[in-house]
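Labels below follow one simple rule: chain letters A, B, ... track the order of the sequence lines, proteins then strands, and each chain is numbered from 1.
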There are 2 protein chains.
Amino acid sequence: MSGGVEWALHCCVVLTSVEEPISSAKLAELHDVSSSYLAKQLQALSRAGLVRSAEGKAGGYILTREPASITVLDVVEAVDGPGRAFTCTEIRQRGPLATPPESCTAPCPIARVMIEADTAWREALRAISIADLVQDVASTSGPLAMGRVSAWLTTKQA
Amino acid sequence: MSGGVEWALHCCVVLTSVEEPISSAKLAELHDVSSSYLAKQLQALSRAGLVRSAEGKAGGYILTREPASITVLDVVEAVDGPGRAFTCTEIRQRGPLATPPESCTAPCPIARVMIEADTAWREALRAISIADLVQDVASTSGPLAMGRVSAWLTTKQA
DNA sequence: GGCAAGCTACTCGGATACACGGTGTCCGAGTGCATGGGG
DNA sequence: CCCCATGCACTCGGACACCGTGTATCCGAGTAGCTTGCC
């Protein structure tokens, strides 16, 4: 899976601590990653409607929804695309013993297992929201960690 | 994920119907796929110990274990490698507000969610065995489907 | 007829090109804010 | 003092190269089985 997903998730978490737009440059400096490439991930989030972009001098990105209503799956699908990891090529319909198409109304057992596993994976990601991540961060890194991030984002004038 | 996984799984299913070695060329013709590339996947299965290769004139591949003791996850890991889909790059330890390494004993919440989802995915694949797939095929394509495959593999002298 | 040596043909296995998607970067179009002048 | 036109600096957005992994292929090493000659 794409590595930019991790960046996008971290950005969503820190964006919960502020209410004003934050530019991609600031987010990149905070995470020490490529500003240009991070911009691409943020664009993907913008296209998916998870964040709203504000242009102009004091522009940047803001979360459009409540953190509790944004799931990790939303971010993953926005960045990596909604496509499934496994795609059935219908091997059973090929070769000398091909199964006739009229008998292939249901997906083949192999595809069924893969779809089932993919669904389990997605459900695990859907069960966690950005708000849950923020709470975990507070529990792990101390309650004031998010406050420090917020202060840095709002004061630092890069 | 690699597309060769689908081929490998189909091969494992059809290999349950015979007890003599089947060459990669026959398996490729049966599925109408590239013989050379399929050979690579079978080599991966051989390295993982799921199948045993027999060289010589009447050589080929045989399953080493009972179909019920081979899980779909075994095949997936053999072909795609045991690596996880998501790799945490420890972003929290970078940038101006980096978390000190001594505070990073536990994985960060984001990585935790990803690992959890990955585990759920793996458990779903581990729950299904090749024998289960064979039974599903019998239920779907009729009880004699596997017999026809077995007959084709043993009679056809390509 | 039985047996052994040699040969053949077929197999696996790894080493070798090609292609596509992810990775990383850059520059142009657009917009809100700050400034300076006028009323 | 208030308002408006102007300029500017900063922003996003998409278009452009680079690299690694997956995809596809080929040829060489090795072996089991068949053939043939001999005892």
Side-chain angles (χ1 to χ4, degrees), chain A residues 1-8 11 15 20-29 31-62 64 76 78-87 89 91 153 156-158, chain B residues 1-8 11 15 20-29 31-62 64 76 78-87 89 91 153 156-158:
Chain A
M1 90 185 292
S2 174
V5 171
E6 187 182 8
W7 300 7
C11 286
L15 280 178
E20 55 189 305
I22 303 295
S23 73
S24 64
K26 275 192 196 171
L27 291 169
E29 188 186 354
H31 296 64
D32 187 25
V33 296
S34 162
S35 164
S36 305
Y37 189 38
L38 179 63
K40 183 185 278 286
Q41 320 300 338
L42 293 171
Q43 284 171 32
L45 262 58
S46 175
R47 269 183 228 125
L50 297 179
V51 300
R52 185 62 187 166
S53 68
E55 298 185 346
K57 192 175 174 64
Y61 293 95
I62 333 170
T64 54
V76 171
V79 174
D80 259 18
R84 308 271 167 177
F86 177 85
T87 53
T89 57
I91 286 182
L153 285 175
K156 175 79 177 185
Q157 300 297 340
Chain B
M1 93 185 287
S2 173
V5 171
E6 187 182 6
W7 299 6
C11 286
L15 280 178
E20 55 188 306
I22 303 296
S23 72
S24 65
K26 273 191 196 171
L27 290 169
E29 187 186 357
H31 296 65
D32 187 23
V33 296
S34 161
S35 164
S36 305
Y37 189 39
L38 179 62
K40 181 184 277 289
Q41 319 299 341
L42 293 171
Q43 284 170 32
L45 264 57
S46 175
R47 268 184 229 123
L50 297 179
V51 300
R52 185 64 188 164
S53 67
E55 299 186 344
K57 192 173 172 67
Y61 293 95
I62 333 169
T64 55
V76 171
V79 174
D80 260 16
R84 307 270 167 178
F86 177 84
T87 53
T89 56
I91 286 183
L153 285 175
K156 176 79 175 185
Q157 301 296 341

How many Å lie between [atom1] on [X] and [atom2] on [N], as a whole number?
X	N	atom1	atom2	value
A:W7	C:dG22	CH2	C1'	12 Å
A:Q41	D:dG14	CD	P	14 Å
A:L42	D:dC12	CG	C1'	10 Å
B:E20	C:dT11	CD	P	13 Å
B:K57	C:dC12	NZ	P	13 Å
A:L45	D:dG13	CG	P	11 Å

When the nearest nucleotide of DNA chain D is assigned to A:E55 and to A:K40 on a heavy-atom basis, which residue is associated with the more 5' position? A:E55
Along DNA chain D (nearest heavy atom to each residue), the more 5'-positioned of B:G3 and A:R47: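 Here A:R47 is the residue nearer the 5' end.
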Please classify the nucleic acid contact of [X] as base, sugar-phosphate, or nothing, using heavy-atom distances under 4.0 Å.
X	answer
A:S2	sugar-phosphate
B:R52	nothing
B:S35	nothing
A:S34	sugar-phosphate

Quick check against the 3.5 Å criterion: does [X] have a side-chain atom that pairs as donor or acceptor with the backbone of [Y]?
X	Y	value
B:S35	B:A28	no
B:Q41	B:V5	no
A:T64	A:L50	yes

Criterion side chain to side chain contact (heavy atoms under 4.5 Å, CB included) on B:L27 and B:L42, from CA distance to verdict: CA-CA 10 Å; B:L27 290 169; B:L42 293 171; 4.0 Å; yes
Is the shortest side-chain heavy-atom distance between A:L45 and A:Y61 below 4.5 Å? no
Please tell me if [X] has a side-chain N or O lying less than 4.0 Å from either OP1 or OP2 of [N].
X	N	result
B:Y37	D:dT23	yes
A:S53	D:dG13	yes
A:Q43	D:dC12	no
B:Y61	C:dG13	yes
A:S46	D:dG13	yes
B:S36	D:dA24	no

Identify, between A:L38 and B:G59, the residue whose nearest nucleotide on DNA chain C lies closer to the 5' end. B:G59
